[in-house]
Amino acid sequence: LQAALPHLRRARAIDPTNYPSGHDLALALLELNELDEARALVLQMIAAHDTAELHNLLANVNGRSGNLLAAAEEYQRAAHMDPTEEHLFDWGDNLLQLHAYDEAAQVFTAGVERHPDSARLHVGLGIAQYSRGAHEDAVRSFFRAADLAPSDPRPYQFLGEMYGVVPALGGEITERLAGFAKAQPRNALAQFYYAMSLWKGQPAAPADLRQVETLLRRAVTLDRTLAKGFLELGILLSDSRRYAEAIQQLQAAARLEPDLAQAHYRLAQAYQRTGQKALADKELEIFERLSARTP
């Protein structure tokens, strides 16, 4: 883009009325964070060509500048002028960033009515619903997104964080995460989320802890930086009274994320169980210090 910029500016200078060259220049300036120049150019172009595309681009510039309220106005204007899937998604996503969850839900609801096959609009709707406390509706929106785009990891990532939130749908959540893990055997998070859903997603149905352990070990083997994977594996081993093995996993979690209070608490317990009182006291002290910093 940096190399292209002089040529884009030259094209704009040759014919200032050419819409494509002006749009491409503005887009390049946005990507290069030349935001003042990008905004001035887009406003100049809007005066001559008042299009939804330009208002959406102006919203992107405002958003990149940190002015989310100004961006919201432009996203709304673009969506009203031309309610494409992209314009509706950008407007709804901006409202999520503003924590305007009721308004975001309205935009995404209108969006999926117009574009029922858009997976990302269903994901956006699910996020808005979850943020409003409508957890079952959110799960169903993520289900719909997953059905529309089976290879898209986003709906599964949200479902993976919702184990136990909607017990009535726990079995279906686990089933879908199982399919995701099978379809992406090299995806560490896919293995982790499936493990957690099996373990904690259906309290009424005791999990096969050996399968959970296998999945968690696979996850941390695939991604050696997955602190939460090491933490949960350590907790599982501790609960099984396999303290020496648990200590290794919990130490890894604490190394990766030193502020992970739960790792230090569980380490303190495991050290206590293995007669390592000095180490237990040290980990408990770290845990209490971290807990005191948490609002």
Side-chain angles (χ1 to χ4, degrees), residues 1-129 131-132 141 145 148-149 152-155 158:
L1 281 179
Q2 195 67 56
L5 197 57
H7 302 288
L8 291 168
R9 284 185 170 131
R10 178 62 180 152
R12 175 70 178 170
I14 290 171
D15 184 1
T17 66
N18 186 274
Y19 182 94
S21 66
H23 179 272
D24 289 348
L25 173 58
L27 192 59
L29 291 167
L30 169 63
E31 294 302 323
L32 291 169
N33 281 315
E34 300 286 349
L35 301 180
D36 289 340
E37 187 179 351
R39 183 182 295 104
L41 174 56
V42 176
L43 287 171
Q44 184 183 48
M45 291 183 67
I46 286 174
H49 307 279
D50 192 15
T51 68
E53 181 181 46
L54 288 175
H55 284 287
N56 191 264
L57 182 54
L58 180 57
N60 290 335
V61 173
N62 289 334
R64 184 75 63 86
S65 302
N67 193 342
L68 294 179
L69 288 174
E73 294 178 5
E74 296 300 328
Y75 283 130
Q76 180 177 4
R77 187 170 288 115
H80 280 303
M81 291 174 70
D82 186 10
T84 63
E85 188 261 5
E86 178 184 0
H87 293 165
L88 288 164
F89 177 82
D90 287 347
W91 183 19
D93 185 54
N94 174 263
L95 291 169
L96 289 177
Q97 293 178 60
L98 288 167
H99 306 293
Y101 300 122
D102 289 344
E103 293 85 351
Q106 292 173 11
V107 170
F108 284 121
T109 298
V112 298
E113 288 174 357
R114 279 185 173 271
H115 307 282
D117 294 334
S118 168
R120 67 174 181 167
L121 285 176
H122 285 281
V123 169
L125 178 57
I127 297 170
Q129 289 166 331
S131 301
R132 298 171 70 211
S141 291
L148 288 166
D152 186 343
R154 289 174 296 182
F158 287 107

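Everything numeric here is computed off the predicted structure, so don't read it as measured data.
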Tell me yes or no: between the side chains of [X] and [Y], is some donor less than 3.5 Å from an acceptor?
| X | Y | result |
| --- | --- | --- |
| R12 | N18 | no |
| N60 | Y75 | yes |
| D15 | T17 | yes |
| Q97 | D93 | yes |

Taking atom [atom1] of [X] and atom [atom2] of [Y], what is their separation to the nearest 0.5 Å?
| X | Y | atom1 | atom2 | value |
| --- | --- | --- | --- | --- |
| L88 | T109 | CG | OG1 | 11.0 Å |
| L54 | I46 | CG | CD1 | 5.5 Å |
| L25 | M45 | CG | CE | 9.0 Å |
| E103 | L96 | CD | CG | 10.5 Å |

Evaluate the side-chain proximity of L95 to F108: yes if any heavy-atom separation is below 4.5 Å, no if none is.
->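 Contact flag for F108/L95 side chains = no.
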
Would you call S141 and Q129 a side-chain contact if the rule is heavy atoms closer than 4.5 Å?
->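 Side chain of S141 against side chain of Q129, heavy atoms only: contact under 4.5 Å found.
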
At their closest point, which heavy atom of [X] faces which heavy atom of [Y], and how far apart are they?
| X | Y | value |
| --- | --- | --- |
| A28 | L8 | CB-CD1, 3.7 Å |
| A72 | L98 | CB-CD1, 4.0 Å |
| H87 | A52 | CE1-CB, 3.7 Å |
| A105 | L125 | O-CD1, 3.8 Å |
| L121 | H115 | CD1-CB, 3.9 Å |

Please tabulate, for side-chain N and O atoms in residues 34-43, each donor-acceptor pair with protein atoms closer than 3.5 Å (sequence neighbours left out).
residue	atom	partner	partner atom	Å
D36	OD1	R39	NH1	3.4
E37	OE1	R9	NH2	2.7
E37	OE2	R9	NE	3.1
E37	OE2	R9	NH2	3.3
R39	NE	N62	OD1	3.2
R39	NH2	S65	OG	2.8

For this output row, return yes or no: ring centroids of H55 and W91 closer than 6.0 angstrom.
->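 Centroid separation for H55 and W91: 6.0 Å or greater.
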
Could you walk me through whether E85 and R120 pass the salt bridge (Lys or Arg N to Asp or Glu O under 4.0 Å) check?
-> CA-CA 9 Å; E85 188 261 5; R120 67 174 181 167; 2.9 Å; yes

Aromatic plane relationship, H99 with Y101 - under 30° parallel, 30 to 60° tilted, over 60° perpendicular | perpendicular

